[in-house]
Amino acid sequence: MRFAISFLVKCLFSRLLLVFLLLTLPIGAATSQAAGEKKAAHPPMNFILVRSLLCQENCPEWISAEGRLTSDTPARLRKILKKIGGRKLPVVFRSEGGDVDAAYAMGRMIRKAGLETAVGGTRLQGCPVGDTRCQAAIAKDGTAVGDTYSAGAYCFSACPLALAGGTSRVASQWAFIGVHQITTVYNKVRVSYRIEYKIVNGKKKEISRKEVGRKVAGQGSSTKLGKKATAALTAYLKEMGVSEDVIGLMMSATPDNINIVPAAEALRTGLITEMLSYNEWPGMPLCAPDAVAEAVCHSRPVAEALVMAKTPVSQAPVQDAAAETNEKLPKTQPMDFLLMSNGNCREECTQWISADGDITPDTPAQLKAMLTTLGERKLPIVLQSNGGDMDAAFAMGRMIRAAGLETSIGRTQLPNCPKLDPRCKASIAKSGPTEGEVFAGRAYCLSSCTLVLMSGTPRIVGYSSIGLVRPTTAEYTRFSAYFDEMGVNAETYETMMPATSTERGRIIVPSQALALGIINGIIPYDEEPGLHVCGPEAKESLRCPKKAEAEIVPVAASVN
């Protein structure tokens with residue numbers, strides 16, 4: 001006999017079964033590791049539309065994005081994108097990270113809008129040092145006037161995923177990009193149900209189920225990427241044109257640490273597409289192919305740095321090059337070599353060979369004499385040259401490769417020398433190394449100097465100009481053989497040069513130089529040319545200090 005047992009008369013019938021089923025279920029997976037105190041220390045990301053105070057007319061504008069990524073951040077970004085309409089304004093990030101799903105959503109919005117991204121902090125006009133985005137500087141419509149900076153700016157944890165949405169994405173060597181493992185936090189909830197059964201043919205059958213209560217039962221977390229999380233991350237990186245190698249970089253650092261991604265690695269993996277040069281700043285838009293000369297934009301070869309080569313490279317007259325100054329530059333002179341010692345050190349001072357001037361047929365003999373004097377000591381060679389004799393450059397490069405020396409680009413400044421004569425004879429030591437300093441900024445290696453640069457093991461640059469010139473038909477065979485010898489892609493090099501490149505040189509950016517193999521590394525933010533002498537197997541010493549990355553990462557920045 002079939003019959004229904006009502007809950008209201010449950011006490012009258014013994015065959016009624018009422019069960020309160022207690023289930024412990026993981027409700028939702030949140031991709032944020034931040035504890036409450038960390039959230040309090042880092043406010044949620046907000047967006048400010050900022051106009052540059054560094055110009056008078058047609059001033060660049062950017063979206064300053066600073067703070068922690070939360071589930072609400074994409075909605076805030078959507079609101080400001082709606083406000084700017086179709087304007088293509090760069091998004092400048094400074095963030096310790098946060099919610100990964102929010103980063104995915106933001107990156108896709110940025111890519112769909114065709115916006116550029118950068119790592120940088122923003123200082124609003126009139127704000128104190130300790131509160132660079134003070135509320136008083138922001139107008140009622142949410143706009144402000146200010147400038148950006150790279151030094152110490154950072155994009156950590158989930159932030160690089162949002163950064164990856166940019167159509168171009170840039171950072172300077174003084175900004176930090178950091179990644180670590182994604183932590184999935186599971187909220188455990190105890191759920192109580194009232195379940196009503198009826199007996200049918202002697203068997204229990206559920207006829208209703210109703211939730212009657214929930215109670216938090218703790219949290220659980222995991223740093224292991226499940227299949228779905230791995231698939232989502234892999235698909236997103238592919239969508240943004242970023243290498244899957246980034247996953248390895250992420251998994252190599254625990255959630256309590258940050259793996260700072262070197263500039264060369266960030267370029268290689270596509271986390272950034274270009275490095276800003278010394279005279280460029282975050283928020284500056286990428287130069288359009290048809291940009292006028294007076295446009296304020298980045299990745300534009302400065303006119304002073306272009307090398308003229310109206311005759312073949314081997315006979316090219318040397319022109320004054322990339323130094324950015326209104327002062328009259330000194331006349332060029334044949335390359336000379338100085339054994340230098342860092343004048344700013346107190347204990348064990350680093351040394352390098354400063355090679356400055358035009359490459360002439362006599363230059364290889366001078367280099368050989370310097371190397372003979374040094375014996376087996378492997379000192380870095382720091383170049384600054386407009387180029388010169390091609391065959392001499394080949395000879396120099398082969399000597400440097402045989403000796404296993406490092407090459408870089410830098411300008412050497414001797415003490416008590418005027419700016420127009422930074423290597424004045426009065427300051428050159430009569431015996432032993434000459435004390436001085438070396439800088440990447442405004443240094444240059446142009447035309448055939450690049451042939452010497454590419455011979456280094458390693459060969460690294462900072463904020464310096466690298467200039468290329470396509471060889472003539474008669475020179476191409478020797479160029480190609482030398483390039484193969486140095487492990488540089490000659491075909492790619494040749495295709496990069498414009499059709500008129502035998503009449504005009506071209507300045508390339510570090511990412512292009514890395515792709516070609518002309519260089520194989522970027523000088524770290526805290527070093528200068530000639531001072532980076534630590535090889536991959538070097539032991540810790542005064543000359544090869546251990547990278548104390550933890551010291552440069554804000555403690556509270558390890559937020560997924």
(Q) Let's go through Leu271 and Arg169 carefully: what are the C-alpha distance in whole Å and the side-chain angles of both, what is the deciding distance for side chain to side chain contact (heavy atoms under 4.5 Å, CB included) to 0.1 Å, and is it a yes or a no? (A) CA-CA 7 Å; Leu271 279 176; Arg169 17 196 203 278; 5.9 Å; no

Point-to-point distance, once rounded to the nearest 0.5 Å, from [atom1] of [X] to [atom2] of [Y]:
X      : Y      : atom1 : atom2 : answer
Ile258 : Glu96  : CD1   : CD    : 10.0 Å
Arg459 : Ile519 : CZ    : CD1   : 9.0 Å
Glu435 : Asn416 : CD    : CG    : 10.5 Å
Ile428 : Met340 : CD1   : CE    : 8.5 Å
Ile63  : Ile110 : CD1   : CD1   : 8.0 Å
Met370 : Met399 : CE    : CE    : 12.5 Å

Determine whether [X] and [Y] make a side-chain contact, defined as any pair of heavy atoms from C-beta on separated by less than 4.5 Å.
X      : Y      : result
Pro282 : Phe93  : no
Glu280 : Met275 : no
Ser455 : Tyr482 : yes
Arg94  : Thr122 : no
Thr407 : Ile400 : yes
Leu514 : Ile522 : yes
Ser427 : Cys417 : yes
Pro60  : Pro285 : yes

Any sub-3.5 Å donor-acceptor pair from [X]'s side-chain atoms to [Y]'s backbone N or O?
X      : Y      : result
Thr167 : Leu115 : yes
Glu116 : Leu286 : yes
Arg111 : Ala164 : yes
Arg377 : Leu371 : no
Thr117 : Leu163 : yes
Thr450 : Leu446 : no

Q: Please test Glu485 against Arg398 for salt bridge (Lys or Arg N to Asp or Glu O under 4.0 Å), starting from the C-alpha separation and ending with a verdict.
A: CA-CA 9 Å; Glu485 196 175 331; Arg398 291 183 171 111; 3.0 Å; yes

Mind listing the closest non-hydrogen atom pair of [X] and [Y] along with its distance?
X      : Y      : value
Trp352 : Ser341 : CZ3-C, 3.8 Å
Val461 : Ile409 : CG1-CD1, 3.7 Å
Arg51  : Trp62  : C-CZ3, 4.2 Å
Ser447 : Asn386 : CB-O, 3.6 Å
Gly436 : Pro415 : CA-CD, 4.1 Å
Pro529 : Ser408 : CB-OG, 3.5 Å

(Q) Pair Trp281, Ser52 - check side chain to side chain contact (heavy atoms under 4.5 Å, CB included), show working. (A) CA-CA 11 Å; Trp281 39 268; Ser52 174; 4.1 Å; yes

Assess the side chains of [X] and [Y]: does a donor N or O sit below 3.5 Å from an acceptor N or O?
X      : Y      : result
Asn259 : Ser252 : yes
Thr269 : Ser243 : no
Ser354 : Arg423 : yes
Ser157 : His180 : yes
Thr360 : Thr363 : yes

Q.
Using the rule given for salt bridge (Lys or Arg N to Asp or Glu O under 4.0 Å), can you reason through Arg478 versus Glu475, listing the C-alpha separation, both sets of side-chain angles and the distance that settles it, and then say yes or no?
A. CA-CA 6 Å; Arg478 283 180 293 164; Glu475 296 168 337; 5.2 Å; no

Q) Taking 4.0 angstrom as the limit, do Asp356 and Arg411 come out as a salt bridge? A)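 No.
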
Q.
Take a 6.0 Å sphere around NZ of Lys368 and say whether it holds more than 12 heavy atoms from other residues, nucleotides or ligands.
A.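 No.
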
Q.
Could you walk me through whether Ile272 and Val170 satisfy the side chain to side chain contact (heavy atoms under 4.5 Å, CB included) test, starting with their C-alpha distance in whole Å, then the side-chain angles of each, then the deciding distance to 0.1 Å, before giving a yes or no?
A. CA-CA 5 Å; Ile272 60 174; Val170 297; 5.8 Å; no

Q: If the plane angle is over 60° it's perpendicular, under 30° parallel, otherwise tilted; pick one for Phe156 and Phe176.
A: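 Geometry flag for Phe176 against Phe156: tilted rings.
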
Q | Criterion side-chain contact (heavy atoms from CB on, under 4.5 Å) against Glu528, the qualifying member of Ile523, Val438, Val382 | A | Val438

Q | Stepwise side chain to side chain contact (heavy atoms under 4.5 Å, CB included) check, Leu367 with Ile381 | A | CA-CA 10 Å; Leu367 174 59; Ile381 296 181; 4.1 Å; yes

